[in-house]
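Structure record follows, encoded as C-alpha cells.
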Amino acid sequence: MTTTYDYKTRTSYTEDVARQKAAHKVLLRHPFEPSLPVRGYTNRTLHIDHSTLKVTEKQVTQQMKDIFIGGRGFGLWYLWNAVKPTTKWNDPENEIVISPGPLAGNTAYAGSGKSLVVTLSPLTGIPIDSNVGGYFGPLMKFCGYDALEIQGKAQRDVVVVIDGPKKTITIEEAPEENYDSHIAAEVFMHEYADDEKDFVNVSVVSAGKGADHSRIGCLNFSWYDPKRGAARLKQAGRGGIGRVFRDKKLKALVVHGFKLKPDMNQAADFKRTTAVGRVLAKEIHDFDDQQCKMRKIGTAHLVEIMDAYDLLPVHNFQYGQHKDTHKIASPVWEKRFTQGIFDGCWYGCHMACAKGADCHRVKTGPYKGHLVTVDGPEYETAAGLGSNCGIFDPDWILESNFYCDTYGIDTISYGTCCAFAMECFERGILNLERTGGLDLTWGNAEAHVEMLHQMARGQGFGVIVGQGVKYMQEYFAAQGWGDLQFMRDFGMQVKGLEYSQYQSKESLAQQGGYALTNKGPQHDEAWLIFMDMVNNQIPTFEDKAEALHYFPLFRTWFGLMGLCKLPWNDIEPEDNAKHGKDAAKVPDHVYNYTELYAGITGQEATIDDFLRMSEGVYNFQRVFNLRMGVGGRKSDWPPYRSMGPLTVEEYESRAERYDKQLKELIGVDPEGKTTEEKIALHRAWREDRYNKLCDAVYRRRGWTNNAIPTLETLRKFKIDFPEVVEVVKPYLEDGEK
Amino acid sequence: MTVPLNSEFRIPNPGTIIVNGEPMPWKDGMTVADVLKIRNYIFRMLVVQVNGELVKRGTYDQAKIPDGANVEVIHMISGG
Ligand code: SF4
C-alpha cells in the first residue's frame with residue numbers, strides 16, 4: 001500500500017520544555033557508579049523510596065538467581081519482602097518492581113527487550129505481573145541494575161530519573177508537565193536527552209490522568225522511533241499498575257542510558273546467540289508474509305481468524321462472530337498502519353509488530369483536532385474496544401485506543417468493563433438516569449469514548465466503570481439495580497481481573513487457561529483454544545491438565561528472562577510440520593532458546609530446566625496469593641458466560657451445536673425441552689467437567705484438591721522457606737503435609 | 001497425488017472421513033483444500049496429516065483424500 005500522508009507529521013508538545021524543566025525542584029541527588037551486566041546479570045538492584053528520599057542498592061545473591069531467576073521472579077520475591085498479608089494496593093509499602101531479566105537487552109535474537117512489572121493489584125489485591133516492551137528495562141540494566149523497586153508515596157508529583165552518563169539518580173518535583181502519556185513520553189525525553197541523537201537512549205514510564213481515578217490504569221513504557229521522529233508507547237496493561245503508579249504520585253520514571261553496542265550483556269558465548277538469532281531473522285524475512293504478517297499488521301491479523309472460528313468476543317462474550325467483523329479486519333488495519341518502516345519495540349526484533357497508525361486526527365476531548373500516532377491497535381484492543389462492545393468503526397477504535405493509552409487505561413480491561421456495562425444497559429440494570437445520561441447501547445462509540453474522558457476528569461459514570469467489573473457487580477447490586485448472581489454469571493472477571501478477548505465457551509482447556517491462572521484471566525499463561533477445540537489434540541482431562549502444566553510454565557519462562565513470546569510461535573520454521581503433533585511447541589525455536597540462554601548466561605539448560613525454573617516461581621506466586629487471602633478452588637472458578645450458553649439468546653444463536661452436544665455428549669434428547677431446560681442441562685454438565693479439569697490440573701501441578709501447593713512441591717522447587725511454609729500449613733490436611 | 005491409506009487406520013463408515021476427530025461426508029476427488037474450505041479453516045499456520053502422513057503446504061489443492069481417511073488439521077498456537 002502507498003502511504004499518502006506524511007507519517008512524520010504530528011502535533012508537537014515540546015515548545016515549553018525548558019520552562020517546565022526549570023520548574024523542577026530536585027529533592028535528592030544520589031551518585032552511582034554505572035556498570036554493565038556480566039553474562040546477563042548486573043548482580044545488583046535498586047530500591048528507591050521516593051517519599052523518604054532513600055536510595056539503596058541491593059546485591060543479587062546466587063540463591064536469588066537460582067530460585068527466582070530474574071524478571072517476574074525477582075519482582076515477586078522483592079514484593080513478598082516488601083508487603084505484609086494486610087497490605088493493600090494503596091499502602092505506601094506496596095512496591096512497583098520493574099525487572100528486565102537476564103536475557104533482556106540482547107539484540108541478537110528477536111523479542112529480547114521486555115521488562116516485567118509486578119505490584120499488588122488494585123483490582124485483585126494479589127500480585128499482578130505484566131510483560132512490556134519499550135526501552136526502559138534494557139536501558140536501566142545497562143546502567144547497572146537488574147531490577148528497580150519503587151516504594152513509598154510522595155506528597156506531590158515527582159519524577160525519578162536514573163541517568164547513567166551523569167552517574168546520578170534524582171528525585172525531582174515536577175509540577176508543570178502534562179502527564180498524559182503521549183505528551184509525557186515526548187516531553188521528558190526532550191528534558192533528559194542531551195540532543196536529538198540521544199533520544200533513543202531515553203525511555204519514560206508514565207500513566208495518564210485516567211489512572212488517577214481508575215483501577216484499570218496501565219503503565220506506558222516509551223521508545224524512540226527515529227524514522228517517525230516520535231516517542232512510541234508499549235503498555236504494561238493488566239491489573240491496574242498505572243493506578244498504583246499515580247497513587248504514589250509518580251509522574252514519570254526516566255532512564256537515560258548509554259548508546260547501545262553489541263553484546264552489552266557480556267555474554268558467555270556471544271556467537272551462540274547471534275547464530276540462532278540469524279536463523280530466526282531469516283525465517284521472519286522469508287515466511288512472515290505467508291504466515292502471520294506480523295510485520296505488516298501485528299497481532300491484529302487475528303481479528304478475522306477469531307471470527308471465523310467463533311472465538312471473537314462479541315457483545316460481552318455472548319457470541320463469537322459478527323457480520324460486520326470485516327470492517328475491523330486485518331486489511332483495514334494494514335491500510336491504517338504505516339507500512340515499510342521498522343516497528344520493533346526493541347533493537348533486533350525483526351518481527352517488528354509494534355504497528356502505528358499515524359496521522360489520526362483526534363475527534364473528541366482535550367486533544368480534539370490534534371494529529372497523533374496511535375500505537376496499535378493490537379488484536380486485543382481491536383476486539384476489546386471493538387467487537388466486544390459492538391463497535392465496528394476503525395476510526396472510533398483508534399480514538400478510544402489513543403485515549404486509553406494516553407490516559408493510562410488498559411484497553412483489555414476497559415473493553416471488558418465497557419462490554420459489561422453495555423450489557424447491563426441492554427438488560428435494564430442500567431438506564432439513562434443511572435449512567436448520567438450516557439446511552440450505552442451496543443455500538444455507541446461516542447459514549448464509549450466519553451466514559452474515558454470522565455475517568456480522566458474523575459467525574460461521572462465512567463469513574464464507576466473504571467473501577468472494574470467486580471466493583472460494578474457489587475455496586476449495581478448494592479443499589480438494587482440487578483441480581484448479583486446473574487451479574488456474576490455474565491461479568492467477565494476472575495479474582496477481580498477482567499478477561500482478555502477470546503471466547504472460551506467451547507474449549508474447556510481454555511476455560512482453565514483463563515481461570516486457573518495466578519493473576520487472573522490473561523491469555524499470556526496459556527492459549528489452548530486451537531489445540532483443544534479445533535485440533536481435538538487434548539481430549540482427556542489428563543491431556544488438558546498436561547497442556548495446562550507445560551504451556552503456562554513455558555510462557556512463565558519468557559517473563560523470567562525478559563523475552564517476548566511472539567517470536568516463539570507467531571513465526572515457524574518452514575519444516576516445523578515435521579514435528580507432527582508437537583509442532584505447536586515449535587521445537588526448533590525451543591532449541592534456539594536453549595542456545596540463547598546458554599550463550600548469554602554460560603549455563604547449559606534443557607527445556608526441562610526451563611520448566612523447573614518457571615515452576616518454582618509459579619508455585620511461589622500461588623502461595624503469595626494465599627498469603628494475601630486469595631486461594632483455594634473457589635478462587636479459580638470462572639463466570640458461567642465463559643463456560644457455556646448463559647441466556648436464551650446465546651443458546652438459540654447456536655441451537656444446532658448445543659442440541660447436538662446434548663444428544664451426543666450429555667446423552668439427553670433435546671426434543672420437547674424448553675431452551676431454559678436445555679441451558680440448565682448444559683450448565684450442570686459443563687460445571688461438572690470444569691470441576692474434573694480442576695482435579696486433574698491440581699494433581700498435575702502438585703497441589704492439593706483445594707489448589708494449595710503441598711510441602712513436597714515447595715521442597716521440590718526449594719521455596720520451602722519458613723515464611724512460605726507458614727502460609728500453606730493451615731490449608732493442608734495431615735496427609736498433605 | 002493421492003495420499004496412501006495408513007494400514008493401521010480403520011475406515012469408520014463408507015463415504016465418511018474423520019477430520020480432527022469428527023466425521024465428515026466424503027466425496028470422490030475431495031482434496032485437503034476442500035476440507036479446509038468446508039470447515040472454514042482459514043488460519044494459515046497449519047500442519048495437515050492424512051492417515052498419519054504429512055501433506056506439504058502448497059499442495060493442499062492437489063492432495064486427494066481417500067474415503068475413510070483420518071485427517072488431522074493441526075492449528076499452531078498463534079497470537080494469544
Ligand atoms: S515481536 Fe512485537 S511486541 Fe514482541 S518484541 Fe518484537 S516488536 Fe515487540
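Proteins get letters first, then strands, A, B, ... in listed order; numbering begins at 1 in each. Remember, predicted model here, so these are calculated numbers, not experimental data.
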Atom group of A:Phe287 that falls short of 4.5 Å from chain B, counting heavy atoms: neither

Which atoms of A:Lys585 approach chain B - backbone, side chain, both or neither, heavy atom under 4.5 Å: neither

Region of A:Ile571 in contact with chain B, defined by heavy-atom distances below 4.5 Å: backbone

Among A:Val534, A:Val586, A:Asn576, residue most engaged with chain B (heavy-atom pairs, under 4.5 Å): A:Val534

A:Asp575 portion near chain B, given a 4.5 angstrom heavy-atom threshold: neither

Aromatic contact, A:Phe530 with A:Tyr309 (centres under 6.0 Å): yes

Separation between CG of B:Leu36 and OG1 of B:Thr31, rounded to the nearest 0.5 Å: 8.0 Å

Side chains of A:Glu656 and A:Gln661, donor plus acceptor under 3.5 Å: no

Side-chain donor-acceptor pair present, A:Thr416, A:Gln501, cut-off under 3.5 Å: yes

Distance flag, aromatic centroids of A:Tyr593 and A:Trp568, threshold under 6.0 Å: no

Part of B:Arg57 within contact of chain A (heavy atom distance under 4.5 Å): side chain

Choice from B:Leu46, B:Ile74, B:Val73, B:Val47 maximising heavy atom contacts with chain A below 4.5 Å: B:Ile74

B:Arg44 versus A:Gln291, side-chain donor and acceptor atoms under 3.5 Å: no

